[in-house]
Amino acid sequence: MIPYGKQSIDDDDIAAVVNTLRGDWLTQGPAVPAFEEAFAAKVGAKYAVAVNSGTAALHAIMRALKVGQGDEVIVPPITFTASANCAVFEGATPVFVDVDPETLLIDPAAVERAITPRTRAVVAVDYTGHPCDYDALREIASRHKIALVADACHSPGASYKGRPVGTLADLTAFSFHPVKHITTGEGGLVSTDNPIYAEAMRDFRTHGITKDPARFLGLKEDAPDAKPDAFFSSAIAEQGPWYYEMHSLGYNYRMPDINAALGLNQLRKLDAFVARRREIAARYQTAFESTKVVRPLGVREWANPAWHLFVVRIDFAAVGRTRTEVMQELRERGIGAQVHYIPVHLQPFYRRHFGTALGQCPVAETAYLELLSLPMYPAMSDAEVDTVINAVNEAACGK
Ligand SMILES: *Cc1c(COP(=O)(O)O)cnc(C)c1O
């Protein structure tokens, strides 16, 4: 079976995890900060905050931005639901805007049109691993004083005009789910250059609790001039090692050390993984150049994509075969294709609670009918890529 995606775990990854299991810390030990530091250095960001999923990373970003009730967050529909859900977690409203017809990435012009006085942030999704048009998005975000967020769960190792993903937005979310470029089992991370955001996310991932005496408030936050009462005066003066303060409502979104140790070891292979994905993408592109039926998505000259997915468009109506039939035939030949993604605004949850509807994002809705994700993972051999190419051509073109 050639699956659509697969993790690459070697003996050294296993050894890194076993090493942690034999050590003193299974969670909150030295591997998490080591992983954060290495990841920040890799993408050229000042801070990295590890959490236990890409979804938690997006949620932490919304909290760092203080997005809440009454706020709007602009997001594209061709993405995993979590890109929009993160706004809903904090009581805000996702506003779905359409995508570019060639890349299926968020369309900056559509973003501009959707901005209202309530808009607080744009979540740009680097769908398939192709970076969005960050210069255009940055210009719009600065002019309207809204935050620019990158959902880079598909794009670690990608670059935009030579600048690495991880530094292109105010905050950037990554996922380390096994199907993504590098894995920690489950895991996620936010990179940012902003120390205030980084601190807010560190608090958020651990119940909103701080143990840093320099940050103890007593009652100061509520009333800056208030004299701490007897409890706070004695607690702060005593400086007991047990003392901590909860300043906000956080979650337990911590990444365990076991997972961070795996991530740290995987990170060393990111460049090699991305390089192999680029070779596979080039092989697919060359092969499908001559067919008019199997059409890979467009790649902009300013992008060096990381190729989480290799997505093609097939006009199934025109070839007279349903997508289900084509996928079934591929499956019979040992090939696992997938569809990324059902437009998020068409999900029953969003229709019911936010009144979204068909017709709202016509480019995304039309594209969705044609999408097919072909197998793409670093361990795939050239022969396997060729097997997929032949099978797809035969299944879709009947040749
Ligand atoms: C995988 C993914 C997420 C969520 O990541 P998890 O680690 O699975 O929570 C969010 N956005 C996009 C675009 C993704 O592909």
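We count ligands from 1, going down the list as the structure has it; atoms in each ligand are counted the same way. Count residues from 1 along the sequence.
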I want to check a possible cation-pi pair here: R323 against Y368, using under 6.0 Å from ring centre and within 45° of the ring axis as the test.
yes
Enumerated ligand 1 atoms positioned under 4.0 Å from heavy atoms of S53
7 (O), 9 (O)
Proximal ligand 1 atoms for Y341, defined as those under 4.0 Å from one of its heavy atoms
15 (O)
Report, in ascending order of atom number, the atoms of ligand 1 lying under 4.0 Å from any heavy atom of G187.
7 (O)
Side chain to side chain, V88 and F349, heavy atoms closer than 4.5 Å
yes
Tell me: protein heavy atom nearest atom 15 (O) of ligand 1, and distance?
H154 NE2, 2.8 Å
Heavy atoms of T55 and A82 approach each other most closely as OG1-CB, 3.6 Å
Checking T116 against E72: is there a side-chain donor and acceptor pair closer than 3.5 Å?
yes
Which residue and atom name correspond to the protein heavy atom nearest atom 11 (N) of ligand 1, and how close is it?
D151 OD2, 2.8 Å
Considering only protein heavy atoms, which is closest to atom 14 (C) of ligand 1, and at what distance to one decimal place?
K180 NZ, 3.2 Å
Tell me whether R300 is salt-bridged to D133, with the criterion being a basic N under 4.0 Å from an acidic carboxylate O.
no
Taking atom CD of E37 as the centre, does the number of heavy atoms from other residues, nucleotides or ligands within less than 6.0 Å exceed 12?
no
Look at atom 9 (O) of ligand 1 and say which protein heavy atom is nearest, naming residue and atom and giving the distance to 0.1 Å.
T55 OG1, 2.5 Å
Numbered atoms of ligand 1 (with element) below 4.0 Å of S175, judged on heavy atoms
1 (C), 5 (O), 6 (P), 7 (O)
For G54, take its heavy atoms, then give the atoms of ligand 1 lying under 4.0 Å from any of them.
5 (O), 6 (P), 7 (O), 9 (O)
Relative to the heavy atoms of T79, which atoms of ligand 1 are at a distance of less than 4.0 Å?
13 (C)
Taking atom types as modelled and ignoring hydrogens, do the side chains of S373 and H340 form a donor-acceptor contact shorter than 3.5 angstrom?
yes
Does ligand 1 have any atom sitting under 4.0 Å from a heavy atom of S83?
yes
Which of parallel (below 30°), tilted (30 to 60°) and perpendicular (above 60°) describes H59 and Y253?
perpendicular
